[in-house]
Amino acid sequence: MTAEPADFLRVRFAPSPTGYLHIGGARTVLFNWLLARKHGGTFILRIEDTDQARHVEDSVGKILDDLRWLGLLWDEGPEVGGSYGPYFQSQRLATYENHARQLLETGQAYYSFETPEELAAMREKARAQKRVRSYVRPEPVPAVEQGLAAKAAGRSVVVRLKMPYEDIAVVDDILGTVTVAAEQHEDFVIVKSDGFPTYHFACVVDDELMKITHVLRGQEHLMNTPKHIALQRALGFSTPRYAHLPVIFNIDGSKMSKRDKEKAIKSGLPPPEIDVHDFRVAGYLPEAVLNFIALLGWAPGDDREQFTLEELAAAFTIERVGRTNARFDREKLLSFNTTWAAKLAPDRVLAAFKAFLTCTTNPPPKMRHADDDMLACVLRLCAGFRTFADVVKKSGFLFAADADVVVDEQARRKVLDKNECAGFDILAFLLPRLEAATDWSAAALEALLQAACEEKQVKIGAVAQPLRVAVSGSTISPGIGQTVALLGRERTIARIRRCLASRV
RNA sequence: GCCCCCAUCGUCUAGAGGCCUAGGACACCGGCUUUUCACGCCGGCGACAGGGGUUCGAAUCCCCUUGGGGGUGCCA
């Protein structure tokens with residue numbers, strides 16, 4: 001038996017720390033992770049923090065946290081280390097410098113001094129002349145000594161790669177072969193004036209040094225790939241296999257950008273979920289999110305739609321990744337979440353619910369600190385729920401102080417005030433009977449309500465609804481018998497009394 | 001502008017020349033269940049962007065048009 005070498009398949013996810021993990025990024029991680037998992041390869045996490053201006057405080061921590069929530073753990077990278085570290089690009093500057101020097105010394109790269117204004121003028125001119133390429137390589141190219149001197153003199157200096165004048169073919173496992181013509185290439189910056197490498201340069205150097213074999217990334221990188229290939233050739237590196245994933249949009253076709261979120265917040269609309277963190281806080285299960293995003297751009301080929309991470313890893317192949325952009329349908333995600341919440345083991349749902357309670361801002365404090373038995377009970381009573389946020393909405397009143405139960409205006413009108421306060425009358429009728437009840441079990445209470453219906457000659461709704469509104473403040477709650485049983489006699493009576501006192 | 005990618009129900013997709021009077025899921029509509037919300041069950045509506053080829057035969061192959069998207073940064 002011939003064993004595969006340990007690192008025959010190495011993939012990476014390389015986010016830049018500019019905020020939370022985007023849902024599109026999550027799908028990229030997932031596909032990389034699945035590929036590694038399927039083939040027994042290695043999944044590497046690398047932080048591309050080469051843009052000092054865009055760096056957002058603590059965003060690495062947030063990204064790691066979201067990845068852990070999803071259950072997509074990395075084999076090498078921050079916190080876990082590995083043999084090819086460091087895994088932060090900002091800690092690898094010397095490495096990039098060495099490679100840049102090599103390129104400079106072999107004449108494959110050169111120093112360049114144009115000002116932003118000059119570059120803008122070049123761009124404008126190129127557009128007017130309908131050319132793709134805007135940067136014009138100086139002839140001859142400045143000598144290394146000239147560049148060093150300019151730098152010493154305080155001028156803004158970058159390093160550019162001399163792009164070869166030849167067609168470059170990108171062999172893509174999803175898209176096929178994409179060839180970019182020689183005249184399309186231009187000398188691009190590999191080292192910025194602040195001495196940091198650009199994305200292209202750091203990425204190529206690290207992929208080589210970290211022995212990355214497969215690059216799975218978003219389609220927005222497709223046109224970068226010829227640059228990367230040119231860099232690899234100049235440095236004598238090997239070229240990994242490439243696969244570019246289709247893009248994910250909002251349901252209306254707009255981009256799922258952070259800007260959308262900010263815009264919505266500004267105009268007072270509920271912000272759309274676009275970061276993994278948003279879905280966490282909104283009460284989704286990672287199982288559902290993962291399952292749903294897996295199906296954005298990938299399909300098993302049969303009618304199966306429900307997959308655990310393990311099942312995905314077994315079924316996943318790059319060949320079955322599609323080429324068409326997808327829209328993110330929140331309704332379908334909601335449906336997936338409902339399904340997962342119902343089919344997952346109660347223990348798992350409880351654990352996820354507790355995690356939700358610690359990260360969301362809404363729940364009544366007492367709910368957050370309730371014991372497992374109580375929370376498990378609530379989860380049972382809310383069976384069929386769509387998100388954890390719904391569970392809180394439906395059962396939060398169980399954890400509120402009696403004085404904090406405020407009757408919703410609409411509920412009051414519809415259930416209590418209507419028909420000359422029939423609802424209040426029912427409550428007044430119910431009160432002594434509940435006070436006198438000897439058995440406070442859900443079944444006994446249901447029976448008590450049934451008896452009240454018969455006595456008053458009304459349907460069960462006419463009795464259950466006023467009681468529901470009195471104890472919960474709204475028309476939404478778990479089954480009334482169980483709700484009242486769980487609430488207990490004392491609190492139930494107190495709430496009915498408070499409600500009756502509010503009658504005008 | 002220029003370069004590149006893409007194109008099946010409203011949405012995610014199955015479909016790799018005859019198995020397709022195009023299958024599934026979500027949404028939607030109708031019904032059932034029902035003390036609220038949700039769940040659940042049954043049924044229905046609904047697509048091969050348009051035009052040319054190739055072929056005995058095309059959703060599937062080729063070309064054009066149209067539409068959508070990406071790139072065109074000292075961002076990644």
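Below, chains carry the letters A, B, ... as their sequence lines are ordered, and counting in each starts from 1. Since the model is a prediction, treat every value here as computed from it, not as a measurement.
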Exercise. Just compare rA14(B), rC5(B), rU35(B) and give me whichever is closest to any side-chain atom of Ile460(A).
Key: rU35(B)
Quiz item: Who is the Watson-Crick or G-U wobble partner of rC26(B), with both distances under 3.5 Å?
Solution: rG10(B)
Practice problem: Could you check whether the rings of Phe316(A) and Phe31(A) sit parallel, tilted or perpendicular, using 30° and 60° as the cut-offs? | Solution: tilted
Exercise. Report yes if the distance between the aromatic ring centroids of His185(A) and Tyr135(A) is under 6.0 Å, otherwise no.
Key: no
Quiz item: Looking at Pro240(A) and His214(A), what are the two nearest heavy atoms and their distance?
Solution: CB-N, 4.3 Å
Exercise. Identify whether any heavy atom of Thr50(A) sits under 4.0 Å from a base atom; if not, whether one sits that close to sugar-phosphate; answer base, sugar-phosphate or nothing.
Key: sugar-phosphate
Quiz item: Does the ring center of Phe328(A) lie less than 6.0 Å from the ring center of Phe279(A)?
Solution: yes
Quiz item: Can you tell which of rC74(B), rC2(B), rU11(B) lies closest to the side chain of Val132(A)?
Solution: rC2(B)
Quiz item: Counting side-chain heavy atoms from C-beta on, which of rU11(B), rG69(B), rU36(B) comes nearest to Arg327(A)?
Solution: rU11(B)
Quiz item: What nucleic acid atoms does Ser477(A) come within less than 4.0 Å of, heavy atoms only: base, sugar-phosphate, or nothing?
Solution: base
Practice problem: Indicate, with a heavy-atom threshold strictly under 4.0 Å, whether Pro478(A) touches base, sugar-phosphate, or nothing. | Solution: base
Exercise. For residues Gly25(A) and Phe13(A), report the shortest heavy-atom separation together with the two atoms involved.
Key: O-CE1, 3.7 Å
Exercise. Would you indicate what Ala326(A) reaches in the nucleic acid, counting non-hydrogen atoms under 4.0 angstrom: base, sugar-phosphate, or nothing?
Key: sugar-phosphate
Quiz item: Within the structure shown, what part of the strands sits under 4.0 Å from Val158(A) by heavy-atom distance: base, sugar-phosphate, or nothing?
Solution: base
Quiz item: For Phe196(A), which contact category applies under a 4.0 Å heavy-atom criterion: base, sugar-phosphate, or nothing?
Solution: nothing
Quiz item: Choosing from rU35(B), rC6(B), rC74(B), which nucleotide comes nearest the side chain of Arg323(A)?
Solution: rC6(B)
Quiz item: Base, sugar-phosphate, or nothing for Arg320(A), non-hydrogen atoms under 4.0 angstrom?
Solution: sugar-phosphate
Quiz item: Applying a 3.5 Å limit to both distances, which nucleotide forms a Watson-Crick or G-U wobble pair with rC2(B)?
Solution: rG71(B)
Quiz item: Parallel, tilted or perpendicular: which fits the ring planes of His200(A) and Phe188(A), with parallel below 30° and perpendicular above 60°?
Solution: perpendicular
Self-check item: Among rC37(B), rU35(B), rG69(B), the nucleotide that comes nearest once only the side chain of Val247(A) is considered
Solution: rG69(B)
Protein and nucleotides 20-24 of chain B: nitrogen or oxygen contacts under 3.5 angstrom:
{"unit_1": "rG24(B)", "atom_1": "N2", "unit_2": "Glu305(A)", "atom_2": "OE2", "d": "3.3"}

Quiz item: So what does Ile480(A) hit on the nucleic acid, given a heavy-atom distance under 4.0 Å: a base, only sugar-phosphate, or nothing?
Solution: base
Quiz item: With a non-hydrogen cut-off below 4.0 angstrom, is Asp194(A) in contact with a base, only sugar-phosphate, or nothing?
Solution: nothing
Exercise. Mark yes or no for a side-chain to base donor-acceptor pair under 3.5 Å between Arg468(A) and rU35(B), with no hydrogen or angle criteria applied.
Key: yes
Exercise. Would you indicate what Thr475(A) reaches in the nucleic acid, counting non-hydrogen atoms under 4.0 angstrom: base, sugar-phosphate, or nothing?
Key: base
Practice problem: Choose from rC4(B), rU35(B), rG10(B) the nucleotide whose nearest atom is closest to any side-chain atom of Val178(A). | Solution: rC4(B)
Quiz prompt | From rC2(B), rU35(B), rC75(B), nucleotide with atom closest to Gln184(A) side chain | solution = rC2(B)
Exercise. For Gln52(A), report the nucleic acid contact type (base, sugar-phosphate, nothing); a contact means any heavy atom under 4.0 Å.
Key: nothing
Self-check item: Identified ring-ring contact (aromatic ring centres under 6.0 Å, His included) partner of Phe307(A) from the options Trp298(A), Phe336(A), Phe292(A)
Solution: Trp298(A)
Quiz item: Could one point to a donor on the side chain of Lys130(A) or the base of rC2(B) with an acceptor on the other under 3.5 Å away?
Solution: no
Quiz prompt | Arg127(A) CZ to rG1(B) P, straight-line distance once rounded to whole Å | solution = 8 Å
Quiz item: If you check every side-chain atom of Leu222(A), which of rA27(B), rC75(B), rC4(B) has the closest atom?
Solution: rC4(B)
Exercise. Looking at every strand, decide which applies to Glu446(A) at a 4.0 Å heavy-atom threshold: base, sugar-phosphate, or nothing.
Key: base
Practice problem: State the pairing partner of rC45(B); accept Watson-Crick or G-U wobble contacts with both distances under 3.5 Å, and report none otherwise. | Solution: none
Exercise. Could you check whether His200(A) gets within reach of a base, just the sugar-phosphate, or nothing at all, counting any heavy atom under 4.0 Å?
Key: base
Exercise. Please work out if Gly297(A) contacts a base, only the sugar-phosphate, or nothing of the nucleic acid, heavy-atom cut-off 4.0 Å.
Key: sugar-phosphate
Exercise. Compare the minimum distances between each of rC39(B), rG71(B), rC12(B) and the side chain of Arg386(A), then state the nucleotide with the smallest one.
Key: rC39(B)
Self-check item: Watson-Crick or G-U counterpart of rU35(B), or none if no pair lies under 3.5 Å
Solution: none
Practice problem: Examine the base of rC74(B) for any acceptor or donor lying under 3.5 Å from a partner atom in the side chain of Ser193(A), and report the outcome as yes or no. | Solution: yes
Quiz prompt | Rounded interatomic separation in angstrom, taking NE2 from His221(A) and P from rC75(B) | solution = 15 Å
Self-check item: Pair partner, rC56(B) [Watson-Crick or wobble, under 3.5 Å]
Solution: rG18(B)
Quiz item: Which nucleotide, rC37(B), rG70(B), rC26(B), lies nearest any side-chain atom of Lys255(A)?
Solution: rG70(B)
